[in-house]
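Positions are given from 1, in the same order as the sequence printed here. Nothing here was measured: the structure is a model prediction, and the numbers come from that model. Excluded from the calculations below are hydrogen atoms, water molecules and symmetry mates; all remaining heavy atoms, backbone and side chain alike, are included.
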Amino acid sequence: MPSASDTPRRPLLSHASHPLTVTIPAVDENGEHVPTQIAGEFPLTIYVDRREIVTLMTLGAAPEALTIGWLRNQRLVASLDDIEAVQVDWEVNAVAVKTRNGLVDAEERLGSRTVTTGCGQGTVFGGLMDEIDTIRLPAERTLTQATLYALMDAVRHHESIYKQAGAVHGCALAKPTADGCDILMFVEDVGRHNAVDAIAGQMWLDGLDGGDKIFYTTGRLTSEMVIKTAQMGIPFLVSRSGLTQMGWEIARKIGLTMIGRAQGKHYLLFTGEERFTR
């Protein structure tokens, strides 16, 4: 059993989820006035130890987890224990993060920025593309076709903002079970990179390991999505969408099983065939 000193201290969190949809007037093809739900979108500026870092455009569903996951996936903090508090204030559209020991290699990492293809333009700091050789995924894990189909069916039946209002991407963290697949988390945001960061943050908060999990996204399988999934230690990445060349090359290099165009009973296995069984 781990001692109390081995258990990461949970940061002090606000609980500031924003209303996810608003209703606006619209006119349909028959000229009828139809009140219509649309997805929210709000700027959220991250301040770390009073230093402005980045502004994310977000639905606002899980701003604390999003902030923690963003810092995690940028490798600006090494562990949850490094974060003392995360406080969101929607009156000023900002989140204040207080760390215990400052950011990891802040000047070097924040000085290098790549704008990615993510919806709303994701941003990758600190040369993460150069750090993929350090990523190790559990080689013994396998995924069956039956589990994949169960995941796709579970996602299809999951209640979502997309069904109400559209205009969002969804990401799910799932775990195979004896009789199918369970969705452990489902997060939606205006950009898929935000949704994956929110799940990464919540995994830290809940102490979840990624080795026996599957990551699902509605968005494209880009280099950013592949790297973030691998950084969470998850060996399987599934999408209903397609992929990019760099995403494919990185997945092959690190041994990540990547499945795209997955809808109904159809899919394409792009990488990691050795981990997949029919």
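- Met225 contributes atom CE, which lies 11.0 Å from atom OG1 of Thr244 (distance to the nearest 0.5 angstrom).
- Judged as a salt bridge (Lys or Arg N to Asp or Glu O under 4.0 Å), and not counting sequence neighbours, the contacts of Asp153 are Arg156.
- Of all the heavy atoms in Thr144 and Thr147, the pair that sits closest is OG1-OG1, 2.9 Å.
- Partner of Val226 under the side-chain contact (heavy atoms from CB on, under 4.5 Å) criterion, chosen from Ile135, Leu243, Ile250: Ile250.
- Take Thr277 and apply the side chain to side chain donor-acceptor pair (under 3.5 Å) test, not counting sequence neighbours, and it matches no residue.
- With a 4.5 Å cut-off on side-chain heavy atoms, Leu13 and Ile68 count as touching.
- Glu273 CD: 12 or fewer foreign heavy atoms inside a 6.0 Å radius.
- Put simply, the side chain of Asn30 never gets that close to the backbone of Glu32: no donor and acceptor are under 3.5 Å apart.
- Not counting sequence neighbours, the partners of Glu84 by the salt bridge (Lys or Arg N to Asp or Glu O under 4.0 Å) test are Lys98.
- To the nearest 0.5 Å, atoms CE (Met203) and CD1 (Ile199) are separated by 8.5 Å.
- The two atoms that bring Ser17 and Pro63 nearest to each other are CA-CD, 4.1 Å, heavy atoms only.
- By the 4.5 Å heavy-atom criterion applied to side chains, Thr67 and Ile83 are not counted as neighbours.
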- [ ] Go through the steps to decide whether Arg9 and Asp81 satisfy the test salt bridge (charged side-chain N to carboxylate O under 4.0 Å, His left out), and finish with yes or no.
- [x] CA-CA 5 Å; Arg9 290 168 286 183; Asp81 197 53; 2.9 Å; yes
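- Here the closest heavy-atom approach between residue Thr23 and residue Pro35 is recorded as CG2-CB, 3.9 Å.
- Counting only residues at least two apart or on different chains, the side-chain hydrogen bond (donor to acceptor under 3.5 Å, both in side chains) pairs with a member in residues 252-263 are Asp133-Lys253.
- Closest heavy-atom contact between Ile183 and Ala172: CG2-CB, 4.3 Å.
- Leu268 and Leu221 fall within a single hydrophobic cluster, where Ile, Leu, Val, Met, Phe, Trp and Tyr side chains are chained together by heavy-atom contacts under 4.5 Å.
- With contacts defined as side-chain heavy-atom distances shorter than 4.5 Å, the pair Ile214/Cys181 qualifies.
- For the pair Pro11 and Leu205, the minimum side-chain heavy-atom distance is below 4.5 Å.
- Pairing each heavy atom of Ser241 with each of Arg220, the nearest pair is OG-CG, 3.8 Å.
- Between the CZ atom in Arg10 and the CG atom in Leu80 there is a gap of 7.5 Å [rounded to 0.5 Å].
- Looking at heavy atoms from C-beta onward, Val97 lies out of side-chain contact with Ile53 at the 4.5 angstrom threshold.
- Using a 4.5 Å heavy-atom threshold, the side chains of Ile234 and Leu173 count as touching.
- Residues that satisfy the side chain to side chain donor-acceptor pair (under 3.5 Å) test with Ser14, not counting sequence neighbours, are Glu64.
- For residues 17-31, no residue pair satisfies the salt bridge (charged side-chain N to carboxylate O under 4.0 Å, His left out) rule, not counting sequence neighbours.
- How far CG of Leu148 is from CD1 of Ile259: 4.5 Å, rounded to the nearest 0.5 Å.
- Considering only residues two or more places apart in sequence or on other chains, Gln245 meets the side chain to side chain donor-acceptor pair (under 3.5 Å) condition with Glu249.
- Pairs of residues two or more places apart, or lying in two chains, that qualify as ring pair (Phe, Tyr, Trp, His ring centres under 6.0 Å) and include a residue from residues 231-278 are Tyr267-Phe276.
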Task: Evaluation steps, side chain to side chain contact (heavy atoms under 4.5 Å, CB included), between Leu103 and Arg51 - done: CA-CA 11 Å; Leu103 297 179; Arg51 174 179 179 174; 5.7 Å; no
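- Side-chain contact, Arg72 with Gln231: no donor N or O sits under 3.5 Å from an acceptor N or O.
- Expressed to the nearest 0.5 Å, how far CG of Leu143 lies from CZ of Arg275 amounts to 10.0 Å.
- Minimum interatomic distance between Arg192 and Gly219 (heavy atoms only, all atoms of both residues): CD-CA, 3.6 Å.
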Using atom types as modelled, flag every donor-acceptor pair under 3.5 Å from a side chain in residues 39-49 to any protein atom, sequence neighbours excluded.
from  : atom 1 : to    : atom 2 : distance (Å)
Thr45 : OG1    : Thr55 : OG1    : 2.8
Asp49 : OD1    : Thr99 : N      : 2.9
Asp49 : OD1    : Thr99 : OG1    : 3.4
Asp49 : OD2    : Thr99 : OG1    : 2.6

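- Applying the side-chain hydrogen bond (donor to acceptor under 3.5 Å, both in side chains) test to pairs two or more places apart or on separate chains, those with a residue in residues 195-213 are Asn73-Asp197, Lys175-Asp212, Asp197-Lys228, Gln202-Asp206.
- How far CE of Met258 is from OG of Ser239: 9.5 Å, rounded to the nearest 0.5 Å.
- Residues Val196 and Met232 meet the side-chain proximity criterion, which asks for heavy atoms closer than 4.5 Å.
- Residues in residues 209-232 take part in no ring pair (Phe, Tyr, Trp, His ring centres under 6.0 Å) pair, two or more places apart or across chains.
- For Arg141, there are no salt bridge (Lys or Arg N to Asp or Glu O under 4.0 Å) partners at least two apart in sequence or on another chain.
- Under the 4.5 Å side-chain criterion, counting only non-hydrogen atoms from C-beta, Thr218 is in contact with His169.
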